Amino acid sequence: MLQLLPQSDTLTPNTTNPNEAVEFISSYIDKYHCENMSVDISCMNILDACYVSTTCSTKHYIKYPEGKINWKISSDLVKTFCKDLELGNITYNL
């Protein structure tokens, strides 16, 4: 059965471990229809947030080439570090 994520909901991994966060978000992308989604990783440090957002955004792009992920982050440095990767399905917000 196809399950839909309401547009106003924000997915929040309950971990600061980047590998667990990637597993949680990837599993969510696999199970649910989430062409446009928001994920809160503001509790993570800059490097972990870069890793999680780029890894999961790549997985999301494979399933939804026209989709978007809005990442809630704690520092603009995440956006700065990831900008050269040119992942077109990402937006970052504080």
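It should be emphasised that the depicted structure is a prediction, and the values quoted were computed from it without experimental measurement.
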Next item on the list: Provide the closest heavy-atom pair for I25 versus P13 in the form atom of the first, atom of the second, distance.
Entry: CD1-CG, 3.8 Å
Checklist line | Distance in Å, K72 NZ paired with T91 OG1, rounded so as to fall on 0.5 Å steps | finding: 13.0 Å
Next item on the list: Would you check if there is a donor-acceptor pair between the side chains of S42 and W71 at a distance under 3.5 Å?
Entry: no
Notebook entry, point to check: side-chain contact (heavy atoms from CB on, under 4.5 Å) between Y92 and N70: does it pass, once the steps are laid out?
Noted result: CA-CA 6 Å; Y92 290 106; N70 179 34; over 6 Å; no
Item checked: Atom pair CG (L47) and CG (L77), whose distance is rounded to the nearest 0.5 Å -> 9.5 Å
Next item on the list: Output, in order, the C-alpha distance, side-chain angles, deciding distance and verdict of side-chain contact (heavy atoms from CB on, under 4.5 Å) for I69 and V39.
Entry: CA-CA 7 Å; I69 299 182; V39 182; 4.1 Å; yes
Next item on the list: Evaluate the criterion side-chain contact (heavy atoms from CB on, under 4.5 Å) for residue pair C56 and S26; output intermediate values, then yes/no.
Entry: CA-CA 6 Å; C56 294; S26 294; 4.2 Å; yes
Check: Which value, rounded to the nearest 0.5 Å, describes the distance between K68 atom NZ and C34 atom SG?
Finding: 15.0 Å
Notebook entry, point to check: Between atom CD1 of I73 and atom SG of C50, what is the distance when rounded to the nearest 0.5 Å?
Noted result: 8.0 Å
Margin query: Do V52 and L94 land in one hydrophobic cluster if side-chain heavy atoms of ILVMFWY residues count as linked below 4.5 Å?
Written below: yes
Check: Of T15, L11, N14, which meets side-chain contact (heavy atoms from CB on, under 4.5 Å) against F24?
Finding: L11
Check: What pair of heavy atoms forms the shortest contact from Y64 to Y32, and how long is it?
Finding: OH-O, 3.3 Å
Notebook entry, point to check: Of all heavy-atom pairs between V22 and T55, which one has the smallest distance, and what is that distance?
Noted result: CG1-CG2, 3.8 Å
Next item on the list: Determine the minimum heavy-atom distance between I29 and M37, stating which atoms define it.
Entry: CG1-SD, 4.2 Å
Margin query: Using the side-chain contact (heavy atoms from CB on, under 4.5 Å) definition, which of the options H60, E35, E66 pairs with N89?
Written below: H60
Next item on the list: Run the salt-bridge test on K59 and D30 with the 4.0 Å N-O cut-off and return the result as yes or no.
Entry: yes
Check: Taking all atoms of both residues into account, what is the closest heavy-atom pair of I90 and S53, and its distance?
Finding: CD1-O, 4.1 Å
Check: Taking it one step at a time, do T58 and L87 satisfy side-chain contact (heavy atoms from CB on, under 4.5 Å)?
Finding: CA-CA 8 Å; T58 301; L87 298 170; 4.2 Å; yes
Item checked: ILVMFWY network linking Y61 to V78, side-chain heavy atoms under 4.5 angstrom -> no
Note to self: Let me confirm one number: the OG-CD1 distance from S74 to I46, rounded to the nearest 0.5 Å.
What the structure shows: 6.5 Å
